[in-house]
Amino acid sequence: MHGPRTFTCGALRPEHIGREVVLKGWVDTRRDLGGVIFVDLRDRYGLTQVVFMQETNAAAFAKADGLRSEFVISVRGVVDSRAPETVNPKLGTGRVEVRVTDLLILNPSEPVPFPISAHEEKRQNTAEETRLKYRYLDLRRPELQQNLVLRSKLYQATRRYFDTQDFVEIETPVLMKSTPEGARDYLVPSRVHPGRFYALPQSPQTYKQICMVAGLDRYFQIVKCFRDEDLRADRQPEFTQIDVEMTFATEEAIYGLIEGLMAAIYREVKGVEIPVPFPRMSYDEAVTRFGSDKPDLRFGLEIRDLSSVFHESGFRVFDQVTAQGGAVVAIVVPGEGDRGRGAMDRLDKEVVRKRIGAGGLVYFKLPSDGSETYSSVKSDVLPTAVVDRAIEACGASKGDLVLLLAGPRPKVHLQMGTLRLVMAEELGLIPQGADGPWEFLWVTEFPLVEYDEDEKRWVAMHHPFTSPREADLAAMFDDPGAVRARAYDLVLNGSEIGGGSIRIHRAEIQRQMFNLLGIEPDEAQRRFGFLLDAFKFGAPPHGGIALGLDRIAMILAGASSLRDVIAFPKTQSAVEPMVQSPDEVDARQLKELHIALALPPEKA
RNA sequence: GGUCCGGUAGUUCAGUUGGUUAGAAUGCCGCCCUGUCACGGCGGAGGUCGCGAGUUCGAGUCUCGUCCGGACCGCCA
């Protein structure tokens, strides 16, 4: 009866004063002063104060008396100015208000289970469980809406960019086939083929390579991927990748392409110019200097190797480690030289031993008042002269704390990398929020394979289609661990946001790779025969990358969990609390699929 | 599979060495209020203390188990 809305709730300005308007939205806040009722009307675009006066419009006023939070209403009224003392500078629309002439209640609302308001002061941190159960209410909150809008802009920027670069967006099947290696698959039973299963893609890897063989040249896709593994704050079982593949690609071509993409995304989504090209670092250097294959470059605390200082120093624990080719590594923590004994003991016990799993922590404290250095190891066991040399070698000075770990490499570096992150977090060195800084990094020259101690075999570090470096081909037989792959990761602020490689395009090398991974020829043929066959028909060299769109969105939004940039995320136990999935199905459905349940007795 | 944190009105939380009737804020309901903007004032209703055992004269509080949520390790090519 009011017709369409003439403005959104974020639109009205003084220039609209005097106009008759229709607004529709949700009742955010109702302030009843007796003879006058103010309502903050909310939609995705903002808040507008609408006014009901008993004096001037008794009918609308009487109706407004019944309004409650989250009622959906339509108001017709006239835009009016607000007296200078009643202007609300917090609202974009705060210089005007709408004097309501007619009110329609489009739908009432029961009291909501948690506050939704656009007023920051009214919000509180509702338990995520409750928020997810009523996700439609949670998503009414402006910050989540902003995250989803940001995410949408991310899609659009990505598509525009690849379109200008002459890429073709190609959809690959969601129902594909299970592959060995990698994460657990989500399986989908086939009704038509009893006993057979589709698998949901962990990534469209093989399909996009086939597209290259097909000569499609430049492929991209914004695509859902599925991995049935345990969740984390930055890991959901279904997630979205920006998947890319190029014919005749070199590492340099990929780096340049993706740097252009990230620059376009930052420009269009955040209005920020990020410097390109991104710095690069080999895997070995990343592990040696930062104890991680995804170093966070936003703070220092670099790892120093003090092995030479402690070699044959007389301190038995360190002597043994260095004699066996291990390392003694240190980080210098500025400003912590006065830490108390209790805090250090807790660090040793809770963090170093329990969480990191290292043998123990050695530390030197250099008090800020310049007094004598304190070593956690007594001087009759670790000579003072050695301590002084170590401090000199790592460049520590007054007021610093030096933390040392010893052990085999590269394990000790990775342990120190964890300790580095713990200290950085404890000291507040890690910037929070959505305003940067943005430290991009290419990590290059990954090992092709790593040895799995549990399974007693080599496993692909990236995936089985990653090309070894030409120069390392010979070593695939006699020293697989030394072979470097043509693989790379894109790291942003200590988070892996993408990874890719130049692929194997020759059937013979692909066969060698399967052989190294212990995949028998007949299994390789069964699982990947189509790819091996395809390689026989003029497969061009090619390579690509996949970027984690959810993680990029999370970093752009300054969110601390993926759940805040996904409309309907799953909990840590992979449940979606609103629809309650996963769920049981009818016996009839199972029968049709020729599936019988064999549940563990306690769950049956 | 493991470690740690949490679960108390609708919501966010407090709850002492185990001790009478489990509190606050907010929301909700009622009344009052014509310029508020998280309006304000007065009054009221609202609780299987996640669930189940155990210890005890007595358990929100202690013990064990279990479920749910979260952080992390394992896992995630």
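As a basis for the values below, the full set of heavy atoms in this structure was taken, side chains included, without hydrogen atoms, waters or symmetry mates. Here the structure is a predicted model, which means the values were calculated and not measured.
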- Message: Is it the case that the side chains of A:Thr29 and A:Arg31 hold a donor-acceptor pair, with the cut-off being a distance below 3.5 Å and no angle test?
- Response: no
- Protein-nucleotide distance (A:Glu110, atom CD; B:G27, atom P), rounded to Å: 19 Å
- Please determine, by modelled atom types, if A:His463 and A:Arg503 share a side-chain donor-acceptor pair under 3.5 angstrom. yes
- Note: contacts of residues 58-71 of chain A with RNA chain B (heavy atom, under 4.0 Å) are A:Arg68
- Task: Begin with the C-alpha distance, continue with both residues' side-chain angles, and end with the deciding distance and a verdict on side chain to side chain donor-acceptor pair (under 3.5 Å) for A:Ser178 and A:Asp185.
- Result: CA-CA 7 Å; A:Ser178 180; A:Asp185 286 320; 2.6 Å; yes
- Watson-Crick or G-U wobble partner for B:G19, using a 3.5 Å limit on both distances? B:C57
- Message: Rounded to whole Å, how long is the line connecting atom CG of A:Leu562 with atom C1' of B:A71?
- Response: 15 Å
- Can you tell me if the side-chain N/O atoms of A:Arg563 get under 4.0 Å from OP1 or OP2 in B:A71? yes
- Task: Find the distance A:Glu129:CD to B:C67:P and express it as a whole number of Å.
- Result: 15 Å
- For B:C51, the Watson-Crick or wobble counterpart (both distances under 3.5 Å): B:G65
- Item | Toward the 5' end of RNA chain B, by each residue's nearest nucleotide, A:Arg227 or A:Leu132 | A:Leu132
- Task: Any strand is fair game: report the nucleotide pairing with B:U11 by Watson-Crick or G-U wobble, both distances under 3.5 Å, or none.
- Result: B:A25
- Message: Classify the ring geometry of A:Phe528 against A:Phe465: parallel below 30°, tilted from 30° to 60°, perpendicular beyond 60°.
- Response: perpendicular
- Message: Please enumerate all residues that pass ring pair (Phe, Tyr, Trp, His ring centres under 6.0 Å) together with A:Phe290, with sequence neighbours excluded.
- Response: none
- Query: Expressed in angstrom and rounded to an integer, what is the separation of A:Phe114 atom CZ from B:U12 atom P?
  - Reply: 10 Å
- Message: If I compare all heavy atoms of A:Pro204 with all of A:Thr172, which pair ends up nearest, and what's the gap?
- Response: CB-OG1, 3.3 Å
- Query: Any side-chain donor-acceptor pair under 3.5 Å between A:Asn57 and A:Thr101?
  - Reply: no
- Task: Hey, could you give me each pair passing ring-ring contact (aromatic ring centres under 6.0 Å, His included) that has a residue in residues 480-499 of chain A? Not counting sequence neighbours.
- Result: A:Tyr255-A:Tyr488
- Between atom CZ in A:Arg140 and atom P in B:U11, what is the gap in whole Å? 17 Å
- Over how many whole Å does the gap from A:Met578 atom CE to B:C68 atom P extend? 20 Å
- A:Glu425 atom CD is separated from B:A71 atom C1', nearest whole Å, by 10 Å
- Task: Grab the CG-P distance between A:Leu137 and B:U11 for me, whole Å please.
- Result: 13 Å
- Task: Would you classify A:Glu55 as touching base, sugar-phosphate or nothing, given that sugar-phosphate means primed atoms plus P, OP1 and OP2, and contacts are heavy atoms under 4.0 Å?
- Result: base
- Task: Report yes if the distance between the aromatic ring centroids of A:His16 and A:Phe7 is under 6.0 Å, otherwise no.
- Result: yes
Please write out the pairs of protein N or O atoms and N or O atoms of nucleotides 35-40 of chain B separated by less than 3.5 Å, giving the distance to one decimal.
{"unit_1": "B:G35", "atom_1": "O6", "unit_2": "A:Arg99", "atom_2": "NH1", "d": "3.3"}
{"unit_1": "B:G35", "atom_1": "O6", "unit_2": "A:Arg99", "atom_2": "NH2", "d": "2.6"}
{"unit_1": "B:G35", "atom_1": "N1", "unit_2": "A:Glu97", "atom_2": "OE2", "d": "2.9"}
{"unit_1": "B:G35", "atom_1": "N2", "unit_2": "A:Glu97", "atom_2": "OE1", "d": "2.4"}
{"unit_1": "B:G35", "atom_1": "N2", "unit_2": "A:Glu97", "atom_2": "OE2", "d": "2.9"}
{"unit_1": "B:U36", "atom_1": "O2", "unit_2": "A:Arg31", "atom_2": "NE", "d": "2.7"}
{"unit_1": "B:U36", "atom_1": "O2", "unit_2": "A:Arg31", "atom_2": "NH2", "d": "3.3"}
{"unit_1": "B:U36", "atom_1": "O2", "unit_2": "A:Gln49", "atom_2": "OE1", "d": "3.4"}
{"unit_1": "B:U36", "atom_1": "N3", "unit_2": "A:Gln49", "atom_2": "OE1", "d": "2.9"}
{"unit_1": "B:U36", "atom_1": "N3", "unit_2": "A:Gln49", "atom_2": "NE2", "d": "3.0"}
{"unit_1": "B:U36", "atom_1": "O4", "unit_2": "A:Gln49", "atom_2": "NE2", "d": "2.8"}
{"unit_1": "B:U36", "atom_1": "O4", "unit_2": "A:Arg82", "atom_2": "NH2", "d": "3.3"}
{"unit_1": "B:C37", "atom_1": "O4'", "unit_2": "A:Arg31", "atom_2": "NE", "d": "2.9"}
{"unit_1": "B:C37", "atom_1": "O2'", "unit_2": "A:Arg31", "atom_2": "NH1", "d": "3.4"}
{"unit_1": "B:C37", "atom_1": "O2", "unit_2": "A:Gln49", "atom_2": "OE1", "d": "3.2"}
{"unit_1": "B:C37", "atom_1": "O2", "unit_2": "A:Arg82", "atom_2": "NH2", "d": "3.3"}
{"unit_1": "B:C37", "atom_1": "O2", "unit_2": "A:Asn88", "atom_2": "ND2", "d": "3.2"}
{"unit_1": "B:C37", "atom_1": "N3", "unit_2": "A:Arg82", "atom_2": "NH2", "d": "2.3"}
{"unit_1": "B:C37", "atom_1": "N4", "unit_2": "A:Arg82", "atom_2": "NH2", "d": "3.3"}
{"unit_1": "B:C37", "atom_1": "N4", "unit_2": "A:Thr86", "atom_2": "O", "d": "2.1"}
{"unit_1": "B:A38", "atom_1": "OP2", "unit_2": "A:Lys90", "atom_2": "NZ", "d": "3.1"}
{"unit_1": "B:C39", "atom_1": "OP2", "unit_2": "A:Arg31", "atom_2": "NH1", "d": "2.6"}
{"unit_1": "B:C39", "atom_1": "N4", "unit_2": "A:Asp32", "atom_2": "O", "d": "2.4"}

- Message: With a cut-off of less than 4.0 Å, is there a side-chain N or O of A:Gln572 near OP1 or OP2 of B:A71?
- Response: yes
- Test side chain to side chain contact (heavy atoms under 4.5 Å, CB included), reference A:Met423, set A:Val351, A:Thr418, A:Leu429, A:Leu301, output is A:Leu301
- Query: Across the strands shown, which category fits A:Ser203 at heavy-atom distances under 4.0 angstrom: base, sugar-phosphate, nothing?
  - Reply: base
- Item | Steps toward salt bridge (Lys or Arg N to Asp or Glu O under 4.0 Å) verdict (A:Glu128, A:Arg563) | CA-CA 9 Å; A:Glu128 204 162 1; A:Arg563 296 183 295 275; 2.6 Å; yes
- Message: Rounding to an integer number of angstrom, what distance separates B:C33 and B:G15 when you compare their P atoms?
- Response: 41 Å
- Item | A:Phe52 ring center near A:Phe61 ring center (under 6.0 Å) | no
- Message: Check this for me, if you would: do A:Arg469 and A:Glu445 make a salt bridge, where the nitrogen-to-carboxylate-oxygen distance has to be below 4.0 angstrom?
- Response: yes
- Item | Contact nearer the 5' end of RNA chain B, comparing A:Ala127 with A:Met461 | A:Ala127
- Task: Let me see the working for A:Gln221 and A:Tyr219 under side chain to side chain donor-acceptor pair (under 3.5 Å), right down to the final yes or no.
- Result: CA-CA 7 Å; A:Gln221 183 180 191; A:Tyr219 147 95; 2.7 Å; yes
Are any protein N/O atoms closer than 3.5 Å to N/O atoms in nucleotides 44-49 of chain B? If there are, list each pair with its distance.
none

- Task: For B:G60 and B:C51, measure between their C1' atoms and round to the nearest Å.
- Result: 14 Å
Protein-nucleotides 73-75 of chain B N/O pairs under 3.5 Å:
{"unit_1": "B:C73", "atom_1": "OP2", "unit_2": "A:Arg232", "atom_2": "NE", "d": "3.1"}
{"unit_1": "B:G74", "atom_1": "N7", "unit_2": "A:Arg232", "atom_2": "NH2", "d": "2.7"}
{"unit_1": "B:G74", "atom_1": "O6", "unit_2": "A:Arg232", "atom_2": "NH1", "d": "2.9"}
{"unit_1": "B:G74", "atom_1": "O6", "unit_2": "A:Arg232", "atom_2": "NH2", "d": "3.2"}
{"unit_1": "B:G74", "atom_1": "N1", "unit_2": "A:Asp230", "atom_2": "OD2", "d": "2.6"}
{"unit_1": "B:G74", "atom_1": "N2", "unit_2": "A:Asp230", "atom_2": "OD2", "d": "3.2"}
{"unit_1": "B:C75", "atom_1": "O2'", "unit_2": "A:Glu229", "atom_2": "OE1", "d": "2.6"}
{"unit_1": "B:C75", "atom_1": "O2", "unit_2": "A:Arg235", "atom_2": "NH2", "d": "3.0"}
{"unit_1": "B:C75", "atom_1": "N3", "unit_2": "A:Arg235", "atom_2": "NH1", "d": "3.1"}
{"unit_1": "B:C75", "atom_1": "N3", "unit_2": "A:Arg235", "atom_2": "NH2", "d": "2.8"}
{"unit_1": "B:C75", "atom_1": "N4", "unit_2": "A:Arg235", "atom_2": "NH1", "d": "3.1"}

- With both distances under 3.5 Å as the test, what is the Watson-Crick or G-U wobble partner of B:C42? B:G30
- Message: Mind checking if A:Pro464 touches a base, just sugar-phosphate, or nothing, with heavy atoms under 4.0 Å?
- Response: base
- Message: For A:Gln205 and A:Gln209, which I'm curious about, is there any donor-acceptor pair between the side chains at under 3.5 Å?
- Response: yes
- Note on the structure: Answer for the Watson-Crick or wobble partner of B:A71, both distances under 3.5 Å, is B:U3
- Mark yes when over 12 heavy atoms from residues, nucleotides or ligands other than A:Phe71 sit less than 6.0 Å from its CZ; otherwise mark no. yes
